[in-house]
Number of protein chains: 2
Amino acid sequence: MTSPLAAAPEPERAPEQVPIGDDPAALGLRERKRRATRRSIEFAVLELTRDHGLDQVTVDDISRVADISPRTFFNYFPSKDAALVGDSPFMLDGASAERFAQAKPGGDVLADLFALVRELSLGVTVDLSLHQLRLKVMRDYPELFAIKVVSMRSLETVLTEVVERRLAADARATGAVEPSVGAWHSRALLIALVSLSTMRHAWGRWAESDDPDSLPSKLDESYRELRGLL
Amino acid sequence: MTSPLAAAPEPERAPEQVPIGDDPAALGLRERKRRATRRSIEFAVLELTRDHGLDQVTVDDISRVADISPRTFFNYFPSKDAALVGDSPFMLDGASAERFAQAKPGGDVLADLFALVRELSLGVTVDLSLHQLRLKVMRDYPELFAIKVVSMRSLETVLTEVVERRLAADARATGAVEPSVGAWHSRALLIALVSLSTMRHAWGRWAESDDPDSLPSKLDESYRELRGLL
DNA sequence: TCAATTCTTGCAGACTCTGCAATCTCATGT
DNA sequence: ACATGAGATTGCAGAGTCTGCAAGAATTGA
């Protein structure tokens with residue numbers, strides 16, 4: 001990268017929509033600035049990628065456009081890729097996880113897990129114009145998709161763990177003794193992986209289509225389709 | 001990395017087992033050297049990682065141990081990670097794919113796809129001592145796992161595409177018209193993803209256990225477990 | 001043995017990312 | 001309002017990855 005990529009103006013960035021009923025200045029100035037900077041970096045990297053191509057964009061360019069020092073970039077994101085793909089839209093919170101793990105035995109584990117995941121996706125607040133831009137870029141560069149998947153890998157571990165606990169609780173309750181301990185783990189892993197596939201499927205269809213259909217509804221569709229498969 | 005990590009001797013590298021009935025010197029000298037170099041690099045990076053830790057290993061170290069120049073390293077692998085995780089054990093070959101895509105309509109697509117994947121895994125010739133070492137290292141550094149997954153991402157595209165063709169052929173044959181074209185794609189993607197989950201599951205269990213049980217048999221187990229789930 | 005092809009290597013250079021220390025900005029209590 | 005501390009930004013130096021290029025070495029096939 002030698003071209004300086006002039007510190008361009010920023011046209012199409014819609015002002016961030018603040019969720020209704022969300023305290024506007026409840027957060028201190030510090031926090032507000034932080035968020036603004038983060039957003040600005042995310043826009044910068046996406047706009048540059050869209051306009052100049054993925055491998056033409058350097059951290060220096062991004063910093064120039066986002067109006068921060070290159071060093072500061074790395075205070076916000078651990079890598080260039082991280083800024084490109086953003087946070088995972090699925091974050092497991094402890095309470096729901098606990099509820100799932102200790103649900104009454106005998107239920108359909110896959111269905112319950114799915115409900116859990118669906119719940120997660122409800123909590124997502126997307127910055128619309130940022131999200132649109134990100135989807136556009138990801139459509140242009142499918143390899144980013146893989147990075148996104150990696151960023152969701154931690155979820156695999158978490159889900160497996162929670163499913164395993166659920167299976168153990170179930171077995172303890174019904175008194176049915178599974179063949180071996182390893183069998184639970186194997187089962188839990190498979191269940192987690194299948195769920196992740198479904199999330200991945202829903203996410204993919206969400207990303208592909210431009211309709212603003214919410215992620216949860218895509219998830220429902222995917223789940224139905226999964227059930228139809230089997 | 002400043003420490004030179006002495007160009008150590010190589011103890012535990014078992015000589016590569018040549019599959020029976022495989023011409024020993026049917027390949028020219030050139031090709032044989034190339035393979036030896038590749039193998040030597042793979043061993044080097046794995047041994048160094050095992051002995052000194054993942055982020056302590058540099059390309060310079062690897063090259064020193066493998067006895068090549070750092071520049072040559074990149075003639076063999078596009079990145080350090082690539083050398084670490086090795087090739088994907090699943091490579092789709094055109095002929096089997098074609099057979100699958102044009103199988104007689106009405107069959108169980110998921111089952112057929114699974115058989116296809118199973119077939120792929122049969123073709124894998126593993127260099128045993130290299131494989132053992134790699135599994136050990138991957139167990140120590142689960143993040144490598146994610147990289148491995150990424151390296152299999154291309155398979156997702158290929159599988160989806162082939163499933164889509166199969167679904168199209170099926171529909172054409174039975175005359176049943178699906179609601180929309182997009183529906184096929186969605187369905188194909190889901191099927192591919194679920195299959196990949198199963199492969200991933202089988203692979204994970206293969207990697208976790210030390211038993212030399214072949215990958216195909218693990219695949220069978222995983223498939224059975226999947227069916228039991230639904 | 002000659003010539004074509006394919007590999008290896010060194011070198012220069014762009015780029016990513018980290019630790020450190022100086023400096024600056026926001027938050028908080030008095 | 002002001003002092004003080006916690007948190008952020010920045011520049012700099014340095015290690016490490018990876019690429020293009022061109023010269024030189026090895027293998028192949030005739």
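Sequence lines set the chain letters: A, B, ... in the order given, protein chains first and strands last, and positions in each chain run from 1.
Remark: A/Glu143 does not engage B/Arg153 in a salt bridge, criterion side-chain N to carboxylate O under 4.0 Å. Salt bridge annotation for B/Arg99-B/Glu119: present, with a cationic side-chain nitrogen under 4.0 angstrom from a carboxylate oxygen.
As rounded to whole Å, 15 Å separates atom C1' of D/dA23 from atom CG of B/Asn75. At whole-Å resolution of the value, CZ in A/Arg38 and P in D/dT9 are 12 Å apart. Rounded to whole Å, the distance from NZ on B/Lys80 to P on D/dC18 is 8 Å. Whole-Å rounding puts the B/Arg34 CZ to C/dT5 P distance at 18 Å. When the C1' atom of D/dG11 is taken as reference, atom CZ of A/Arg64 falls 16 Å away, rounded to whole Å. The distance from atom CZ of A/Phe73 to atom P of D/dA8 is 17 Å, rounded to the nearest whole Å. In this entry the distance linking CZ of A/Arg35 with P of D/dG7 reads 17 Å, nearest Å. Going from atom CZ of A/Arg32 over to atom P of D/dA8 covers 15 Å, rounded to whole Å.
Backbone-only engagement by B/Tyr76 is indicated by non-hydrogen atom pairs under 4.0 Å involving sugar-phosphate atoms exclusively.
Counting distance only, with no hydrogens placed and no angle test, the side-chain atoms of A/Arg71 and the base atoms of C/dG19 include a donor-acceptor pair under 3.5 Å.
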Show me the protein contacts with nucleotides 24-27 of chain D, counting only N or O atoms at under 3.5 Å.
{"from": "D/dA26", "atom 1": "N3", "to": "B/Arg30", "atom 2": "NH2", "distance (Å)": "3.2"}
{"from": "D/dT27", "atom 1": "OP1", "to": "B/Lys33", "atom 2": "NZ", "distance (Å)": "2.8"}
{"from": "D/dT27", "atom 1": "O4'", "to": "B/Arg30", "atom 2": "NH2", "distance (Å)": "3.4"}
{"from": "D/dT27", "atom 1": "O3'", "to": "B/Arg30", "atom 2": "N", "distance (Å)": "3.3"}
{"from": "D/dT27", "atom 1": "O2", "to": "B/Arg30", "atom 2": "NH1", "distance (Å)": "3.3"}

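Figure legend: B/Arg166 and B/Phe100 shown as a cation-pi pair, the cationic atom lying under 6.0 angstrom from the six-membered ring centre and within 45 degrees of its axis.
Under the side-chain contact (heavy atoms from CB on, under 4.5 Å) criterion, A/Lys33 pairs with A/Leu29, sequence neighbours left out.
Side-chain contact between A/Lys218 and A/Ser121 is absent, with no heavy atoms from C-beta onward closer than 4.5 Å. Contact of the B/Ile68 side chain with the B/Ile62 side chain is not registered, since no non-hydrogen atoms from C-beta on lie closer than 4.5 Å.
Side-chain nitrogen and oxygen atoms of B/Thr72 include none within less than 4.0 Å of the OP1 or OP2 phosphate oxygen of C/dT8.
For B/Thr58, the listed nucleotide lying nearest its side chain is D/dT17; candidates were C/dT9, C/dT16, D/dT17. Closest contact between the side chain of A/Phe74 and the listed nucleotides C/dC17, D/dT10, D/dT17 involves C/dC17.
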Could you walk me through whether A/Ser186 and B/His201 pass the side chain to side chain donor-acceptor pair (under 3.5 Å) check? CA-CA 8 Å; A/Ser186 171; B/His201 183 254; 3.2 Å; yes
